[in-house]
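First comes the structure, then the notes that go with it.
Note: hydrogens, waters and symmetry copies are ignored here, and every other heavy atom, side chains too, is used.
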Amino acid sequence: MRMLTLAKRNTKEILRDPLNLAFGLGFPLVLILLLSAIQANIPVELFEIERLAPGVSVFGLSFMTLFSATLISKDRGSSLLQRLYTTPLTPTDFILGYTLPIIPISVAQCIICYIAAIILGLDITVNILYATLFIIPVSVLYIALGLLCGSVLNDKQVGGICGALLTNLSAWVSGIWFDLELVGGVFKRIAYALPFVHAVELERAALSGNFGDILLHLLWVLGYAAVILVLAVLLFLRQMKRQ
Amino acid sequence: MNAIKIEALTKKYRDVTAVDGLSLCIEEGELFSLLGVNGAGKTTTIKMLSCLTKPTEGDAYLCGKSICREGTEVKKLIAVSPQETAVAPGLNVRENLELICGAHGFSKEKQNTKIKELTELLGLDSVSRKKAGKLSGGWQRRLSIAMALISEPKILFLDEPTLGLDVLARSDLWDIIRSLKGKVTIILTTHYMEEAEELSDRIAIMKDGKLLVCDTAEGIKAQAGTDSFEEAFIRIVKGAAK
């Protein structure tokens, strides 16, 4: 129950910030509309709504990293965390309290993306439900990245690292905005060694009903999510001890 | 009865000794001030006593509980109002208080009673629906103290509670701190001489992690041979440097 108090507070902090709503929900919607408009004039296979919607729903999660990291780093900076460390809240309460509230926000963002995609012509099938469910492990990956960054960076550094670097990285190497085959070589190998393209491919496979392709990409995502989450928890506990 | 008994408490960070063999006793219900220039070891002392950092050597007992061995028990007895206001900026005043009640696992009934009691005590009624991040520094400090008091602590640590406040806000906060005297043991750190003199039952002056003197304001002035507390502080601290 104590953890739920912290989780509730974190949800309110995130949802009450108009910038979070603008970037978390508004920006992915603008991207879907804009690229669909481009697709309508100059057809590109990559921007067909069946391929674009899963990509944008994953890209939108990079803002969840930003929200999570900003919240933790600000709480560290303002000493709110220091105050809470003197209460009976346990380390598990803190980890879950910062992680769990962002999962439903991620799912809500994904649902909004798919509703926009349906309005733009995406066929309504049960696969949309699967794609929405598979956004959960992907969101854990992005939230863990936020927990990790928030535990070691101050809020200004979070703005630079998560707001600029990570969003760009997850855009370039995810195969959402351009086909990685077009670049090929080392770039493609690096991209496929990272989890972002696998997250997008996982979503695309779920939406298109290619369930045979899901497992491999899911393992990549879960593997990275587990490693980053463990690292994030260790770094969070380290800064907790330092306080 | 001793609320706090500190025995040779020491904190070292690599080659820097932040607190050096501090020993003293603080009575129950006493308002005790830790005074010193920057880097004197005041905040480190509070962090050790509130179990936020472990001592390198020594120990301290809060209501008989060891900070080294019984941290969880100690946390149930204390509350801290840190140097920074440490409020949740996106939550309103009431929600901030609810957050701390929830962290302590209070029932709904107890939560409502405590919030009513503290908003009245600290005059927070008029701003209870305002977002904490939109409040002035003085109001944020009041909220910070209310958040610290809500767990009914036996020992309250106030770390620089009036830092950055204007004269009126500081005066208001002094009234609040005075109203708490005797009800809870208060450990106050401050840079302001007049604050320590005005509010404290006893004052400890620290420098470079060491305790230079511990007495009433009058006793310290008498020891330094001056009627001005500020002058007494300067003489004691400068005397220690010679």
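- B/Lys11 and B/Thr17 form no side-chain donor-acceptor contact under 3.5 Å, judged by distance and modelled atom types alone.
- Under the 4.0 Å criterion applied to side-chain N and carboxylate O atoms, B/Lys12 and B/Glu57 are assigned as salt-bridge partners.
- Taking non-hydrogen atoms and a 4.5 Å limit, the residue list of residues 116-135 of chain B in contact with chain A, ordered by number, reads B/Lys131.
- Ring pair A/Phe63/A/Tyr142: centre-to-centre distance not below 6.0 Å.
- Chain A forms the most heavy-atom pairs under 4.5 Å with one residue out of B/Lys54, B/Lys76, B/Lys75, and that residue is B/Lys75.
- The side chain to side chain donor-acceptor pair (under 3.5 Å) with A/Tyr98 is formed by just one residue from the set A/Asn10, A/Asp93, A/Asp75; it is A/Asp75.
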### Query
Could you walk me through whether A/Val58 and A/Phe196 pass the side chain to side chain contact (heavy atoms under 4.5 Å, CB included) check?
CA-CA 8 Å; A/Val58 170; A/Phe196 308 110; over 6 Å; no
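- Between B/Lys42 and B/Asp159, no side-chain nitrogen of the basic residue sits less than 4.0 Å from a carboxylate oxygen of the acidic one, so the salt-bridge criterion is not met.
- Looking at B/Thr43 and B/Gln83, their side chains do bring a donor and an acceptor atom within 3.5 Å of each other.
- Scanning residues 139-150 of chain B against chain A with a 4.5 Å non-hydrogen threshold yields B/Ser144, B/Met147, B/Ala148, sorted by number.
- Scanning all heavy atoms of the two residues, the minimum distance from A/Val221 to A/Pro195 falls at CG2-O, 4.3 Å.
- Side-chain atoms of B/Ser33 and B/Ser200 include a donor-acceptor pair closer than 3.5 Å.
- A/Leu89 touches chain B through backbone and side chain together, each having a heavy atom under 4.5 Å away.
- Cation-pi contact between B/Arg170 and B/Tyr192: present, with separation from the ring centre below 6.0 Å and deviation from the ring axis of at most 45°.
- Your options are B/Ala103, B/Pro82, B/Gly102, and the one with the most heavy-atom pairs under 4.5 Å with chain A is B/Ala103.
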### Query
Between B/Trp174 and B/Thr162, does a side chain to side chain contact (heavy atoms under 4.5 Å, CB included) hold up when you go through it step by step?
CA-CA 9 Å; B/Trp174 282 9; B/Thr162 60; 4.0 Å; yes
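- At a heavy-atom separation below 4.5 angstrom, chain A is approached by B/Ala86, B/Val87, B/Ala88, B/Pro89, B/Gly90, B/Leu91, B/Asn92, B/Glu95, B/Glu98, B/Leu99, B/Ile100 within residues 86-100 of chain B.
- Residues of residues 58-73 of chain B having a heavy atom under 4.5 Å from any heavy atom of chain A: none.
- The number of heavy-atom neighbours closer than 6.0 Å to NZ of A/Lys74, taken from other residues, nucleotides and ligands shown, is 12 or below.
- Judged purely by distance below 3.5 Å, without hydrogens or angles, the side chains of B/Thr190 and B/Glu160 never pair a donor atom with an acceptor atom.
- A donor-acceptor contact shorter than 3.5 Å links the side chain of B/Asp201 to the backbone of B/Leu31.
- Classification of B/Arg202 and B/Glu27 as a salt-bridged pair fails, no side-chain N sitting under 4.0 Å from a carboxylate O.
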#### Entry: Derivation of the side chain to side chain contact (heavy atoms under 4.5 Å, CB included) call for B/Val19 and B/Thr10
CA-CA 5 Å; B/Val19 176; B/Thr10 301; 5.9 Å; no
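- Here the side chain of A/Arg76 pairs a donor or acceptor atom with the backbone of A/Gly150 at under 3.5 angstrom.
- In terms of heavy-atom pairs under 4.5 angstrom with chain B, the leader among A/Lys12, A/Arg2, A/Glu13, A/Arg83 is A/Arg83.
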### From CA spacing to verdict: side chain to side chain contact (heavy atoms under 4.5 Å, CB included), A/Ser57, A/Ile135
CA-CA 8 Å; A/Ser57 66; A/Ile135 210 72; 4.0 Å; yes
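- Side chain of A/Ser62 to main chain of A/Phe59: a donor-acceptor pair is present (N/O by atom type, distance under 3.5 Å, no hydrogens or angles).
- In this structure, no portion of B/Ser151 lies under 4.5 Å from any heavy atom of chain A.
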